[in-house]
Colleague: 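A single structure is presented below for examination.
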Amino acid sequence: MSSLSSTSIDRPVLSIVMSLLLVLLGIVGFFYLGIREYPAVDPPTVTVTTSYTGANADIIESQITEPLEEALNGIEGIRTISSTSREQSSVINVEFNLNADLEAAANDVRDRVSRAIRLLPRDVDPPVVEKSDANSEPIIFMTLRSDSRDIMQVNELATNVIKERIQTIEGVSGVRIFGEKKYSMRLWLDPAKMAAFALTPIDVQNAVDRENVELPSGRIEGNETELAIRTIGRLTTPDEFNNLIIKEADGTIIHLKDIGHALLGPENERNAVKRNLIPMIGIAITPQPGANAVAIADEFYKRLAQLKKEIPTDYSLEIGYDFTTFIRNTIHEVQDTLLVAFLLVILIIFLFLRDWRSTIIPVVAIPISIIAAFFIMYVAGFSINVLTLVAIILSIGLVCDDAIVVLENIYSKVEHGETPLKAAREGSR
């Protein structure tokens, strides 16, 4: 039975074709590999987040966190459970053992949480169960601000223009808006005036729900015409809200302006993004699992340059941080090390053998082995990162060791008078 080495010696064209095939497969795999600083490793952690509007930390802990923790305690494979109860929010982190199946663990947590929902307050938001994701961290963060426009106009441009333009980049999982300021109508009520009219905030809420509504109204049909009817019942301006009828008693009509006033403002005033005390909107880009972060950044900067030309001049769009800068620097350092190692190997082999013809063998074998490894990395689901590149650097030594052992064995037989072909067969055994 002939070995691969003897077959390659007897059929050099076949060995060349096989080498070229390995190189082609490696090149194809290389262009499909993602680029990261470190491998994507999802920690075995599941997070349960629950919101309860208006509740303080004590209520959150006693009525939400503790019932959920008791329900989660019996799940198999749990290593630790930690929780944080703050105003209006409960966060429970469930860490599993390293050998646990994260998907099965997340399903177990969802089952226990669904059973415990009946123990929670009626008006609490449904708990959200999420698996920890190594790709959930943003790779690029930028800020948008304007010195002449209010923060809601800045938010509108960020949401409707910039986010829509960026989230279509290949490999982008999502674009997150920080410090979001959506348009809303804020109703400011005067407690003294409400007490004078014997009104409560519930009465105001019921009036808004009753009057601020748009319902389907059908259509008008004729012999040759059909028209859709639309009743305009939505309130859109502060004046319309101020004239809203809250209550009618004994012939007296009470409007919102009698007990307070409406003002157009941001939906959430508690969260904000500021730099040097200047309010702004933050925009973050999150990649998909296994995506090439460097390729995403390259395409992002192309679109950013176009966006800066299109948005009004009174807007300022700046980069907060670009995590791919560190990835590029790290990858370049390892690439330089890889090149230096390759050159040193060639130099040392030539110094010891003093024969260029013998030196060519590892010079050809090393690049073929490295390039072919990229296809194996692609099939295995790996990415180009610091650890895989360091492994390639170490593998140069393995390839050289094998090549030098066989080469020296063949070289010694040639020096003893055997023909190159016979020495190659004997030495490769």
Side-chain angles (χ1 to χ4, degrees), residues 51-54 88 122-126 128 144 146 148-168 172 174-191 193-194 197-272 279 281 283 307 310-312 314-315:
S51 299
Y52 191 14
T53 305
Q88 304 187 78
R122 292 182 178 179
D123 51 347
V124 68
D125 294 338
V128 178
L144 178 68
S146 175
S148 58
R149 303 178 190 245
D150 62 57
I151 193 65
M152 290 184 291
Q153 290 177 300
V154 177
N155 180 85
E156 186 177 17
L157 179 68
T159 303
N160 298 334
V161 178
I162 297 178
K163 179 180 178 180
E164 295 295 329
R165 191 73 60 85
I166 293 176
Q167 67 184 4
T168 56
V172 172
V175 178
R176 298 163 59 184
I177 304 294
F178 291 91
E180 191 171 25
K181 301 293 182 183
K182 294 181 179 179
Y183 281 98
S184 67
M185 193 65 67
R186 305 182 68 86
L187 306 183
W188 297 92
L189 306 178
D190 189 328
K193 293 181 180 180
M194 293 181 65
F197 288 107
L199 294 174
T200 64
I202 298 297
D203 296 325
V204 178
Q205 179 181 346
N206 292 336
V208 173
D209 293 338
R210 182 180 64 250
E211 302 294 339
N212 186 29
V213 63
E214 188 170 336
L215 299 175
S217 303
R219 61 182 179 269
I220 299 176
E221 296 181 355
N223 293 331
E224 298 179 356
T225 306
E226 180 177 298
L227 300 175
I229 301 175
R230 178 188 177 192
T231 56
I232 303 176
R234 302 287 292 182
L235 307 179
T236 57
T237 65
D239 289 338
E240 292 175 350
F241 274 91
N242 286 328
N243 293 321
L244 175 67
I245 297 176
I246 304 299
K247 187 177 181 181
E248 182 178 358
D250 300 328
T252 302
I253 298 177
I254 304 172
H255 297 87
L256 177 65
K257 61 185 176 182
D258 297 325
I259 58 173
H261 66 279
L263 185 65
L264 190 64
E267 183 181 277
N268 185 355
E269 292 184 336
R270 298 173 62 88
N271 299 330
I281 299 297
I283 306 168
L307 276 171
E310 296 177 359
I311 63 176
D314 56 335
Y315 285 98

Colleague: On a heavy-atom basis, which atom in Glu267 and which in Arg186 lie closest, and how many Å separate them?
Modeller: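 Here Glu267 and Arg186 meet closest at O-NH1, 3.5 Å.
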Colleague: Shortest non-hydrogen contact from Met152 to Lys182?
Modeller: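 Here Met152 and Lys182 meet closest at SD-O, 4.3 Å.
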Colleague: Would you check, one step at a time, whether the test side-chain contact (heavy atoms from CB on, under 4.5 Å) holds for Leu256 with Asn243?
Modeller: CA-CA 6 Å; Leu256 177 65; Asn243 293 321; over 6 Å; no
Colleague: Could you give the distance from CD1 (Ile311) to CG (Leu157), rounded to the nearest 0.5 Å?
Modeller: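 One gets 6.0 Å once the value is rounded to the nearest 0.5 Å.
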Colleague: Measure across Val154 and Ser146 and return the closest heavy-atom pair with its distance rounded to 0.1 Å.
Modeller: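 Closest approach of Val154 to Ser146: CG2-CB, 3.8 Å.
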Colleague: Okay, side chain of Asn206, backbone of Ile202: is any donor-acceptor separation there less than 3.5 Å?
Modeller: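 Between the backbone of Ile202 and the side chain of Asn206 there is a qualifying donor-acceptor contact (under 3.5 Å).
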Colleague: Is the side chain of Lys181 donor-acceptor paired with the backbone N or O of Gly265 at a distance under 3.5 Å, no angle test?
Modeller: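 Between the backbone of Gly265 and the side chain of Lys181 there is no qualifying donor-acceptor contact (under 3.5 Å).
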Colleague: Rounded to the nearest 0.5 Å, what separation is found between the CG atom of Asn160 and the CG atom of Asn155?
Modeller: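 Spacing of CG (Asn160) from CG (Asn155) equals 8.5 Å.
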Colleague: With side-chain contact (heavy atoms from CB on, under 4.5 Å) as the test, would you mind laying out the steps for Leu235 and Met185 before giving the verdict?
Modeller: CA-CA 10 Å; Leu235 307 179; Met185 193 65 67; over 6 Å; no
Colleague: Before you tell me yes or no, could you show the steps for Lys247 and Leu199 under side-chain contact (heavy atoms from CB on, under 4.5 Å), namely the whole-Å CA-CA distance, both residues' side-chain angles and the distance that decides it to 0.1 Å?
Modeller: CA-CA 9 Å; Lys247 187 177 181 181; Leu199 294 174; 3.5 Å; yes
Colleague: At what distance, to the nearest 0.5 angstrom, does CD1 of Ile259 lie from CZ of Phe197?
Modeller: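 Separation between the atoms: 8.0 Å.
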Colleague: Hey, mind stepping through Ile245 and His255 against side-chain contact (heavy atoms from CB on, under 4.5 Å) and telling me if it holds?
Modeller: CA-CA 4 Å; Ile245 297 176; His255 297 87; 4.0 Å; yes
Colleague: Without swapping roles, check the side chain of Asn242 against the backbone of Ala262 for a donor-acceptor pair under 3.5 Å.
Modeller: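 Between the backbone of Ala262 and the side chain of Asn242 there is a qualifying donor-acceptor contact (under 3.5 Å).
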Colleague: Determine yes or no for a side-chain-to-main-chain donor-acceptor pair under 3.5 angstrom, with Thr159 supplying the side chain and Glu156 the backbone.
Modeller: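 Looks like no, no N/O pair under 3.5 Å.
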Colleague: Which heavy atom of Ala198 sits nearest to which heavy atom of Asp203, and what is that distance?
Modeller: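 Closest heavy-atom pair between Ala198 and Asp203: O-OD2, 4.2 Å.
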Colleague: Just how far is it from atom OH of Tyr315 to atom CG of Leu307, taken to the nearest 0.5 Å?
Modeller: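 Tyr315 atom OH to Leu307 atom CG measures 13.0 Å (nearest 0.5 Å).
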Colleague: I need the Asn212 CG to Arg234 CZ distance, nearest 0.5 Å.
Modeller: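 It comes to 4.5 Å.
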Colleague: How close do Asp314 and Arg149 get, counting heavy atoms only, and between which atoms?
Modeller: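 Closest approach of Asp314 to Arg149: OD2-NE, 2.6 Å.
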Colleague: Can any side-chain N or O of Gln88 pair as donor or acceptor with the backbone N or O of Gly54 at less than 3.5 Å?
Modeller: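 Between the backbone of Gly54 and the side chain of Gln88 there is a qualifying donor-acceptor contact (under 3.5 Å).
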Colleague: Taking atom CD of Gln205 and atom CG of Leu187, what is their separation to the nearest 0.5 Å?
Modeller: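 Taking CD in Gln205 and CG in Leu187, the distance rounds to 10.5 Å.
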Colleague: If you take all heavy atoms of Ile246 and Arg210, which pair is closest and at what distance?
Modeller: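 Smallest heavy-atom distance, with atoms named: O-NH2, 3.7 Å.
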Colleague: Does Glu240 reach the main-chain N or O of Thr236 with its side chain, forming a donor-acceptor pair under 3.5 Å?
Modeller: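 Such a contact is found between Glu240 side chain and Thr236 backbone.
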Colleague: Find out whether Asp123 and Tyr52 are in side-chain contact, i.e. whether some heavy atom of one side chain is under 4.5 Å from a heavy atom of the other.
Modeller: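 Contact flag for Asp123/Tyr52 side chains = yes.
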